[in-house]
Amino acid sequence: MPELPEVEVVRAGLESHVVGRTIEVADVRGDRVARRHEGGAAALARALTGRRLCSAERRGKFLWLPLDDGHALMTHLGMSGQMLVLPAEEPPVRHEHARLDFEDEGPTLRFADQRTFGGWSVDPLVPDPHGGDHPGGVPATATHIAPDPFETCFDAGAVAARLRTRRGPVKRAILDQGLVSGVGNIYADEALWRTGVHGERPGHSLTGPRARALLTHLQAVMGEALEQGGTSFDALYVNVNGASGYFDRRLAVYGQQGRPCPACGSTVLRSPFDGRSSHWCPTCQTRPRSAPRGVAR
DNA sequence: CTGTACTCCTGGTCGC
DNA sequence: TGCGACCAGGAGTACA
């Protein structure tokens with residue numbers, strides 16, 4: 001499941017393999033992949049045909065390729081989306097929903113997505129409301145997305161302060177892409193563990209330094225993951241399997257239920273959270289005094 | 001404004 | 001061996 005580090009690997013791959021090239025043919029198969037695009041698949045293909053890809057930009061898990069007409073090809077990988085650079089003669093891969101062929105006859109770009117939570121659209125670029133690192137603007141559909149911890153405009157003090165006004169669980173707050181973007185279930189659990197904070201603690205129960213530490217750990221764990229993911233490329237193949245990859249063996253708690261906590265040796269637990277799972281150490285991360293949910297099994 | 005429930009989707013796994 | 005139930009979960013949407 002691609003989170004910020006995995007999406008950044010994809011962005012860098014697109015930057016080196018498709019930026020600067022002009023689309024000759026856009027093939028969009030099915031309206032599902034284009035469901036965020038006004039007019040559906042046919043309109044999306046028309047909006048891409050003949051356009052040049054000017055750069056590859058990212059905010060959190062949102063990825064976009066500005067075009068030469070004031071719009072951008074906006075993408076989200078969802079749970080299982082892959083952007084693959086493949087030779088033109090390569091047959092469609094499984095779950096391939098869209099394909100770009102370029103005027104230079106070089107390698108093609110394919111979008112494959114097993115679970116179809118991801119998608120493509122062409123959106124107008126508008127000024128960045130967060131005053132961030134995107135002088136060319138951001139897609140109109142992403143203006144509600146907060147800067148991620150790697151952006152120069154990321155204001156850790158302000159985000160920590162907002163975190164401390166939330167009455168809900170702190171994990172839900174750091175998964176809120178409108179507060180801080182790029183964080184998914186894996187890195188949320190890892191950062192909470194590193195901070196020694198249980199995800200069900202209310203945001204407002206964190207001290208200022210603790211909230212700041214959580215943001216620092218978020219950036220650190222995603223930065224380390226990015227270093228591990230940087231090698232999953234080769235010239236013609238963009239590997240975008242965020243669930244695997246080299247960082248897996250570094251995970252302290254995510255998916256490690258039943259195994260010893262790397263810090264204290266206690267058994268790592270998994271418990272339901274928001275219809276999903278949280279992974280945590282019962283010694284390093286104490287639950288709030290009055291847990292809003294049932295005890296872990 | 002904050003918070004919560006629901007929805008979309010496919011493939012792998014598990015229990016019977 | 002088959003089959004149904006369940007699980008993985010990002011983010012938009014509706015609604016309180």
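Heavy atoms only: backbone and side chains are in, while hydrogens, waters and symmetry mates are out. Computed from a predicted model, the values in this text were never measured in an experiment. Order of the sequence lines sets the chain letters (A, B, ...), proteins ahead of strands, with each chain counted from 1.
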Return yes if a side-chain donor-acceptor contact under 3.5 Å exists between A:Lys171 and A:Ser278, otherwise no.
yes
Length of the CZ-P vector between A:Arg167 and B:dC1, whole Å
16 Å
For A:Asp113 and C:dA11, give me the distance from atom CG to atom P, rounded to whole Å.
13 Å
Please confirm whether any donor atom in the side chain of A:Arg276 sits under 3.5 Å from an acceptor in the base of C:dG10, or the reverse.
yes
Measuring from atom CD1 of A:Ile145 to atom NE2 of A:His76, what distance do you get when rounded to the nearest 0.5 angstrom?
7.5 Å
Measure from CZ on A:Arg35 to C1' on C:dA11 and round the result to the nearest Å.
9 Å
Is the phosphate of C:dA11 approached by A:Gln177 (side-chain N or O, under 4.0 Å from OP1 or OP2)?
yes
Base, sugar-phosphate, or nothing for A:Thr165, non-hydrogen atoms under 4.0 angstrom?
nothing
Using the side-chain heavy atoms of A:Phe62, tell me which of these nucleotides is nearest: B:dG3, C:dG12, C:dA8.
C:dG12
What distance separates A:Leu65 CG from A:Arg21 CZ, expressed to the nearest 0.5 Å?
12.0 Å
Please state whether the phosphate of B:dG11, meaning OP1 or OP2, lies under 4.0 angstrom from any side-chain nitrogen or oxygen of A:His95.
yes
Salt bridge or not for A:Asp68 and A:Arg51, using N-O below 4.0 Å?
yes
Given B:dT10, is OP1 or OP2 found less than 4.0 Å from the side-chain N or O atoms of A:Ser80?
no
Using whole Å, report how far CE of A:Met79 lies from C1' of B:dT7.
15 Å
Can you tell which of B:dG3, C:dA8, C:dA11 lies closest to the side chain of A:Arg270?
C:dA8
Indicate, with a heavy-atom threshold strictly under 4.0 Å, whether A:Arg94 touches base, sugar-phosphate, or nothing.
sugar-phosphate
Can A:Phe117 be classed as stacking with the base of C:dA11, given a centroid separation cut-off of 5.5 Å and a plane angle cut-off of 30°?
no
Between A:Leu175 (CG) and B:dG3 (P), how many Å, whole number?
14 Å
Taking only side-chain nitrogens and oxygens of A:His144, does any of them come within less than 4.0 Å of OP1 or OP2 of C:dG12?
yes
Nearest-angstrom distance from the residue atom CG of A:Asp189 to P of C:dA8:
12 Å
Given C:dG12, B:dC9, B:dG11, which nucleotide is nearest the side-chain atoms of A:Gln114?
B:dG11
Starting at CZ of A:Arg32 and ending at P of B:dT10, how long is that distance when rounded to a whole Å?
8 Å
Winner on side-chain proximity to A:Arg36, out of C:dA8, C:dG12, C:dA11, is C:dG12
Given atom CG of A:Asn185 and atom P of C:dA8, what is their separation to the nearest angstrom?
9 Å
Mind checking whether A:Phe62 and A:His144 have parallel, tilted or perpendicular rings, split at 30° and 60°?
perpendicular
